[in-house]
2 protein chains.
Amino acid sequence: MIYTSFNDFFAVLSSKQRVKILQLLNREGPHCVNQIKNKLKVEQSAISHDMKRLLGCRFVFVERKGKERVYSINKTTIQPLFNLIREHVEAHCVRKDDKWND
Amino acid sequence: MIYTSFNDFFAVLSSKQRVKILQLLNREGPHCVNQIKNKLKVEQSAISHDMKRLLGCRFVFVERKGKERVYSINKTTIQPLFNLIREHVEAHCVRKDDKWND
DNA sequence: TCATTGAATGAAGTATAAATCATATGATAG
DNA sequence: CTATCATATGATTTATACTTCATTCAATGA
């Protein structure tokens with residue numbers, strides 16, 4: 001798959017599962033599919049499908065180690081991206097008073 | 001709607017239409033629904049639905065001007081967010097050689 | 001007050017993406 | 001070369017999001 005537009009990249013990040021995978025890789029370093037499977041308690045094939053999409057837009061990298069494939073996060077992009085959202089939420093989406101509700 | 005997780009915010013940005021709206025507001029400043037409708041050639045109600053989602057996570061702000069509702073972009077978040085993706089694509093997703101293909 | 005204009009809402013149909021299952025590939029060990 | 005383990009792939013089902021249409025609401029002006 002070739003990603004052409006901004007929304008394609010955001011689409012890959014719009015899945016709770018994939019965000020969890022990225023957060024795991026970010027916190028605990030590189031993992032192979034089986035390790036992710038065991039820690040997140042999801043099917044192997046679901047993870048492979050997710051990794052393919054994450055890889056497709058280079059949010060992760062992969063390296064072969066024998067039969068395993070070890071995935072690592074692209075911190076250069078993901079960390080500042082997540083930080084931006086975190087700051088945005090803090091600035092605009094935490095209701096300290098009752099100014100907005102929906 | 002209350003957004004709770006990273007992926008909720010990315011989901012809102014995962015639509016080509018909504019990204020176009022944000023880019024329009026970013027380039028040309030605040031617009032009311034009718035102006036967006038005319039420039040992007042989409043249905044009024046489709047835009048209203050999109051604006052609701054964009055508003056829900058504060059990617060845009062709204063102000064009443066008579067019968068019109070004028071939407072403006074939250075530049076503080078959107079500009080750095082889009083810049084990050086732009087830089088990421090430049091760094092990782094432009095093939096200068098034939099190292100990867102999918 | 002009633003008609004008009006701009007926009008929001010809700011429900012229905014339609015399109016897209018995710019979850020699951022079965023199977024295939026590819027590396028290693030025996 | 002065969003069996004096994006790790007992962008990938010493709011097809012199908014299932015869930016989610018988008019589009020569209022009809023209707024409603026809210027503000028203004030006659």
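Here the structure is a predicted model, which is why all the values come from computation and not from measurement. The chains referred to below are lettered A, B, ... by the order of the sequence lines, with proteins before strands, and numbering in each begins at 1. We use all heavy atoms of the structure for the numbers below, so side chains are in, but hydrogens, waters and symmetry mates are not.
- Every residue two or more places apart in sequence or in another chain that forms a side-chain contact (heavy atoms from CB on, under 4.5 Å) with B:Ser48 is listed here: B:Val33, B:Gln44.
- Following rounding to the nearest Å, B:Glu68 (CD) and D:dT28 (P) show an atom-to-atom distance of 11 Å.
- Note: B:Leu54 CG to B:Asn74 CG = 11.0 Å, rounded to the nearest 0.5 Å.
- Between B:Phe10 atom CZ and C:dA17 atom P the separation is 18 Å, expressed in whole Å.
- Legend: residues meeting side-chain contact (heavy atoms from CB on, under 4.5 Å) with A:Lys75, ordered by chain and number and at least two apart, are A:Asn26, A:Ile73, A:Gln79.
- Within residues 27-34 of chain B, no residue places a heavy atom under 4.0 Å from DNA chain D.
- Note on residues 15-39 of chain A: pairs passing salt bridge (charged side-chain N to carboxylate O under 4.0 Å, His left out), not counting sequence neighbours, are A:Arg18-A:Asp50, A:Glu28-A:Lys39.
- Pairing each heavy atom of B:Cys93 with each of A:Cys57, the nearest pair is SG-O, 3.9 Å.
- When the side-chain contact (heavy atoms from CB on, under 4.5 Å) test is applied to B:His49, the partners found at least two apart in sequence or on another chain are B:Ser45.
- End-to-end axis angle of the helix from C:dT1-D:dA30 to C:dG30-D:dC1, from C1' rotation axes over five pairs per end: 20° (rounded to 10 degrees).
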*Scan nucleotides 20-30 of chain C nucleotide by nucleotide, 5' to 3', and note B when protein non-hydrogen atoms come under 4.0 Å of the base, S if they reach only the sugar-phosphate, - if neither.*
BBB---SSS--

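- Annotation: proximity of residues 16-24 of chain A to DNA chain D (heavy atom, distance under 4.0 Å) is found for no residue.
- One interatomic measurement links the two molecules: OH of B:Tyr3 to P of D:dA17, which rounds to 10 Å at whole-angstrom precision.
- A distance of 7.0 Å separates CD1 of B:Ile85 from CZ of A:Phe6, quoted to the nearest 0.5 Å.
- The aromatic rings of B:Tyr3 and B:Phe9 sit tilted relative to each other, their planes meeting at an angle between 30° and 60°.
- Applying the side-chain hydrogen bond (donor to acceptor under 3.5 Å, both in side chains) test to A:Asn34 and every residue at least two apart in sequence or in another chain returns nothing.
- The ring pair (Phe, Tyr, Trp, His ring centres under 6.0 Å) analysis of residues 61-80 of chain A, with sequence neighbours excluded, yields the pairs A:Phe61-B:His92.
- If you take CG on A:Leu22 and CD1 on A:Ile78, they are separated by 5.0 Å, rounding to the nearest 0.5 Å.
- Applying the side-chain hydrogen bond (donor to acceptor under 3.5 Å, both in side chains) criterion to A:Glu87, with sequence neighbours excluded, gives no partner residue.
- Between the NZ atom of A:Lys52 and the C1' atom of C:dA18 there is a distance of 15 Å, given to the nearest Å.
- Taking the side-chain hydrogen bond (donor to acceptor under 3.5 Å, both in side chains) definition, one finds that A:Ser72 meets it with nothing, sequence neighbours left out.
- Mapping B:Val62 and A:Ala11 onto DNA chain C by nearest heavy atom places B:Val62 closer to the 5' end of the strand.
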